Amino acid sequence: TQLLEQSPQFLSIQEGENLTVYCNSSSVFSSLQWYRQEPGEGPVLLVTVVTGGEVKKLKRLTFQFGDARKDSSLHITAAQPGDTGLYLCAGGGATNKLIFGTGTLLAVQP
Amino acid sequence: DSGVTQTPKHLITATGQRVTLRCSPRSGDLSVYWYQQSLDQGLQFLIQYYNGEERAKGNILERFSAQQFPDLHSELNLSSLELGDSALYFCASNRGHGYTFGSGTRLTVV
């Protein structure tokens, strides 16, 4: 069974701080995606990484795919209250079925 | 509006009953994925359909079934409902790597 463990589970920080969320697995994935979910809504895709070692930047968010394609990280610089939400990593395989991580609930206090 | 439509948004029903959740994928997307999200289990993959055919199955109970119709909309049928079936049910469609999720159906079994 493929599992994706995220850490930390919960994170409460002040506006302006930096943070990193980790997504780890013992399985290799062909792609790794990050989603953000707000209360009462479905997850929204932030980024897809497909190459081991790949780094992608989306404004203040930096995503990295591990060299062995088993892990990923999401770094947020100068967090803002609008970044608050549930962050989910998801690993993809041959059938396009996604396995979702355990989630990191981020709260950014103004 | 993500383009993926789910109805109803909320459903309250009694144990032992049967309900049907409906999903219309984004225009042009042939795949539909169903996920269940609960506090203790996270986002769990249930089943995938592609152009009317079942493509992959996950942790879907025998009491649950799904189908995809010629117009590509999909229905998830949940029967003999138990209290533990209370959860958010999401469908998603995709084109390439990323999923587009609907807003979900919140099912409460009382």
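Numbered from 1 within each chain, the chains take letters A, B, ... in sequence-line order. Keep in mind that this is a model prediction, so the values were computed, not measured.
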Trainee: If only atom types and distance count, is the side chain of A:S72 paired as donor or acceptor with the main-chain N or O of A:Q64 below 3.5 Å?
Mentor: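 Flag set: sc A:S72 to bb A:Q64 pair under 3.5 Å.
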
Trainee: Identify which part of A:S31 has an atom lying under 4.5 Å from any heavy atom of chain B, answering side chain, backbone, both or neither.
Mentor: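 Answer is side chain: those atoms of A:S31 sit under 4.5 Å from chain B.
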
Trainee: Which residues from residues 38-60 of chain A are near chain B, with near meaning under 4.5 Å between non-hydrogen atoms?
Mentor: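 Within residues 38-60 of chain A, the residues under 4.5 Å from chain B are A:G40, A:E41, A:G42, A:P43, A:L45, A:T48, A:V50.
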
Trainee: Taking salt bridge (Lys or Arg N to Asp or Glu O under 4.0 Å) as the test, write out the residues that go with B:R26, two or more places apart.
Mentor: B:D29

Trainee: Do any of residues 79-94 of chain B have a heavy atom less than 4.5 Å from a heavy atom of chain A, and if so, which, in residue order?
Mentor: B:F90, B:N94

Trainee: At under 4.5 Å between heavy atoms, what parts of residues 57-68 of chain B are in contact with chain A? List them by residue number.
Mentor: none

Trainee: What part of B:Y35 gets closer than 4.5 Å to chain A, counting heavy atoms only: side chain, backbone, both or neither?
Mentor: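 Contact with chain A involves the side chain of B:Y35 alone.
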
Trainee: Please report the closest heavy-atom contact between A:R36 and A:D83, naming both atoms and the distance.
Mentor: CD-O, 3.9 Å

Trainee: Taking side chain as everything from C-beta outward and backbone as N, CA, C, O, which of these in B:Q37 sits under 4.5 Å from a heavy atom of chain A? Side chain, backbone, both or neither.
Mentor: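 Side chain only.
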
Trainee: Return yes if some donor-acceptor pair links the side-chain N/O of A:Q6 with the main-chain N/O of A:C89 below 3.5 Å, else return no.
Mentor: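 Confirmed, A:Q6 side chain pairs with A:C89 backbone.
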
Trainee: Mark yes or no for whether A:S30, through its side chain, and A:G92, through its backbone, hold a donor-acceptor pair below 3.5 Å.
Mentor: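 Yes, A:S30 side chain to A:G92 backbone: donor-acceptor pair under 3.5 Å.
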
Trainee: Counting heavy-atom pairs under 4.5 Å with chain A, which one of B:G98, B:G42, B:G102 comes out on top?
Mentor: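 Answer, by heavy-atom pair count under 4.5 Å with chain A: B:G98.
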
Trainee: Taking the inter-plane angle between the rings of B:F101 and A:F100 on a 0 to 90° scale, is it parallel (under 30°), tilted (30 to 60°) or perpendicular (over 60°)?
Mentor: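 Geometry flag for A:F100 against B:F101: perpendicular rings.
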
Trainee: Does NZ or CZ of A:R69 lie under 6.0 Å from the centre of the six-membered ring of A:F29, at an angle within 45° of the ring axis?
Mentor: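 Judged by the rule, A:R69 and A:F29 form no cation-pi pair.
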
Trainee: Look at the side-chain heavy atoms of Ile, Leu, Val, Met, Phe, Trp and Tyr, link any pair under 4.5 Å apart, and say whether A:L98 and B:W34 land in one connected group.
Mentor: no

Trainee: Counting only non-hydrogen atoms closer than 4.5 Å, does B:F45 touch chain A with its backbone (N, CA, C, O), its side chain (CB onward), both, or neither?
Mentor: side chain

